There are 4 protein chains.
Amino acid sequence: MDGREKILASGLELFPAKGFHGTSLRDIVRLAGVSKGGFYHHFESKEELFAAVVERTLFAGNEQPAAEESPSARSAEKQIEELFFAPLRRARSYYAMVFDGQKGSEIVRKRISEIFHHHIETCSKLLRQGQEQGEVRDSIDCDLWSLQIVSTLEGCFLLHSVSPLENPEESLRRMFDNIWRVIRKVDI
Amino acid sequence: MDGREKILASGLELFPAKGFHGTSLRDIVRLAGVSKGGFYHHFESKEELFAAVVERTLFAGNEQPAAEESPSARSAEKQIEELFFAPLRRARSYYAMVFDGQKGSEIVRKRISEIFHHHIETCSKLLRQGQEQGEVRDSIDCDLWSLQIVSTLEGCFLLHSVSPLENPEESLRRMFDNIWRVIRKVDI
Amino acid sequence: MDGREKILASGLELFPAKGFHGTSLRDIVRLAGVSKGGFYHHFESKEELFAAVVERTLFAGNEQPAAEESPSARSAEKQIEELFFAPLRRARSYYAMVFDGQKGSEIVRKRISEIFHHHIETCSKLLRQGQEQGEVRDSIDCDLWSLQIVSTLEGCFLLHSVSPLENPEESLRRMFDNIWRVIRKVDI
Amino acid sequence: MDGREKILASGLELFPAKGFHGTSLRDIVRLAGVSKGGFYHHFESKEELFAAVVERTLFAGNEQPAAEESPSARSAEKQIEELFFAPLRRARSYYAMVFDGQKGSEIVRKRISEIFHHHIETCSKLLRQGQEQGEVRDSIDCDLWSLQIVSTLEGCFLLHSVSPLENPEESLRRMFDNIWRVIRKVDI
DNA sequence: CATGAATGAGCCTTCATTCAT
DNA sequence: AATGAATGAAGGCTCATTCAT
């Protein structure tokens, strides 16, 4: 493993664990066993290393499905599943890396966690109310659908925040409709 | 508007725009028109202000639906919609605030944006392939459902990263099933 | 107990425990249960309070012997003993208060402690060597006299540092002679 | 003289003159002619430099006697004298450095000085009273022995305050006895 | 008498980056 | 290619003190 690779490995370990700002160059070069000069020999800046680490984290191991151009024999479902299930473990690393605001701040992390839970529980309760009032199908698992609704919305907000969607409100509304078409008691 | 309120207003403006680490106390107190000492008279730390700003951003204006205990006359759908659509605008602020890693780093921001787009497009392409092969309903909007799939997964990862779900893989798989039950050509 | 007295009591508690610089006005007024304004109503500055606390610590309870002018019936030994033994307990408070340099600095405190011990042990060892070589009386307790020698010297340095003696080297040498006249094997 | 040495030299000059808290890093690096970053390249903290300076002040030049293991030809008296007289000049630096409480506070310094003098004078007066009443040998120099008594006690308090003695009262009493055995008129 | 919000200079420390060797 | 001493701006935060109320 040469210098560049050792530095990348350090980044892969430190950024997810401590975030961008929580990781100093000193940490990186110490773990990698290179000098500061050595670091700048391989990377232009700390940021460049971070970008490289994000890249590896999100992509490592699933470039193949994307590259596939010809209609595949495998089902779309299978392929999509593969495309997204593989990153599950990497995903936490990724968010940990990028969600820098909460690092080192138990106060903030806890508060955000509480807020998310509050959303999920409120939604779940409303779904159960809907069941009681004959608006929502009795057969659905309110906790699961609550998670699904909140996940969808949070995910959409997230995507929109990183790179603006053209018409986020419209998109959200249509995704919302998709969900309600399934869980509403009287199908249209 | 007294000192504390002016500081909060500054935080509400600066954190979403420049992230936690990108916003210095100097920026905050200058904008608020108070002294550094004044800041620490009202808040214990920069972090405490950040937590307060996160709170306001995510909660301001929609505590009411949660508080409602008695079965409401309004439909669950309507209420859930209200619960989550109101925060749409605030949400971007929120993610911008918390997604600190990308602040001040155009390289990284762009790369993450590219990666998300790549996911969405790959998924969309696979859905179209599925339509061609008779696996996926012809009537669905592949772009919308691709966005919905990616949003759901990203949102779930996000929730899991902030506060671990009990069985994230199982939950993800069941949400995935929910989706495929709708878009698969042959209903079960 | 009025305001001034409550503040003094706080100082008496905090300065010995945390030193001058380790004790903030905030600590003082909080413990005393007065406002900052209240503090400055009773004392001109933090320093003035410190001086008042030093005063009380070193003098409380033994002004009497000093005031006594007429030849007393009690023996000088008894009186000197009373003069200096009473402050034993206060003394630690006093030094703790004034030895500010080591507060909050375990490194420094430990090092100084080591150095003192090293002095005492070295001296003790030399005395024992002296006994073996017939220079020092066999009957003396080397550990005790080592402590006595070091105490005398440290104390002299200390006095000299706070307010310069006229001829410290001469004084030290004569005190040293006083000691050796007692412990040397062959009395002159 | 390299960076580290220049910084140490600055510490050796500034800490004794202005105390730990009275000396700012700015002072140190300015005098040493290095940058703040440079300082932290050589020392972990201001405290570490302080510890290093204490070390040099108290030990420079007299490690040798301590190292000597084999019975020496020189007399114990000579060696002890060397061990402790050398530090006389350094001692003032040392106490000045560590007695931070009085720095910048003429009020306090003066008061402490007064108190010490008061002790010495009171003791001297009592000794003279003892001479008049036939309790104390006429031949002793009351001023010198007063200084010796106060030095011994202050030194003992000091040692005890920095690192507690096992039985300070007992030790004090025995040292006191040692002194009185010499100065009391009627030997027992 | 008493309050406590406000001050702002100053504190120690960290940081990514540079460059002579 | 590699080193690591040096940089110095900027960081968050504390402090004794003041003063309008």
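Values reported hereafter were calculated over all heavy atoms of this structure, with side chains retained and with hydrogens, waters and symmetry mates removed. All values reported here derive from a predicted model rather than from experimental measurement.
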B/His21 atom NE2 is separated from F/dG12 atom C1', nearest whole Å, by 11 Å
One should report the stems of DNA chain F, each a stretch of at least three consecutive Watson-Crick or G-U pairs at distances under 3.5 Å, as E:2-21 with F:2-21
Against the side chain of D/His41, the closest entry in E/dT7, F/dA5, E/dC12 is F/dA5
Atom CD1 of D/Ile7 and atom P of F/dA5 are separated, to the nearest Å, by 11 Å
Worksheet item: Contact class for D/Phe39 (heavy atom, under 4.0 Å): base, sugar-phosphate, or nothing?
Response: nothing
Whole-Å distance, A/Leu25 CG to F/dA5 P, equals 16 Å
5'-most contact on DNA chain F (nearest-nucleotide basis), B/Ser24 vs D/Gly38, goes to D/Gly38
d(A/Phe43 CZ, A/Leu25 CG) to nearest 0.5 Å is 11.0 Å
Assert: residue with more 5' nearest nucleotide on DNA chain E, out of D/Tyr40 and B/Gly3, is B/Gly3
To the nearest angstrom, the CG-C1' distance between A/Leu49 and E/dA16 comes to 13 Å
**Q.** C/Glu47/D/Arg111 salt bridge by N-O under 4.0 Å criterion
**A.** no
In short, D/Phe39 meets D/Val29 closest at the heavy-atom pair CB-CG1, 3.9 Å
**Q.** Quiz item: B/Lys36 side-chain donor-acceptor pair to E/dT7 base, under 3.5 Å
**A.** no
Note: D/Lys6 and D/Gly33 closest approach over all heavy atoms is NZ-O, 4.3 Å
Here the distance between atom C1' of E/dC1 and atom CZ of C/Arg4, to the nearest Å, is 16 Å
A/Ile28 CD1 to E/dC15 P, in whole Å, measures 11 Å
Of D/Ser35 and B/Gly37, the one whose closest nucleotide on DNA chain F sits nearer the 5' end is D/Ser35
Output for pair (B/Ile28 CD1, B/Ile7 CD1), nearest 0.5 Å, gives 8.5 Å
Assign each of B/Asp2 and D/Lys46 the nucleotide of DNA chain E bearing its closest heavy atom; nearer the 5' end lies the nucleotide of B/Asp2
To the nearest angstrom, the CZ-P distance between B/Arg26 and E/dA9 comes to 12 Å
Atom CG of D/Asp27 and atom C1' of E/dT13 are separated, to the nearest Å, by 16 Å
When rounded to the nearest 0.5 Å, the distance separating CG of C/Leu49 from CG of C/Leu12 is 9.0 Å
**Q.** Check: B/Glu114 main-chain N/O paired with B/His118 side-chain donor or acceptor under 3.5 Å
**A.** no
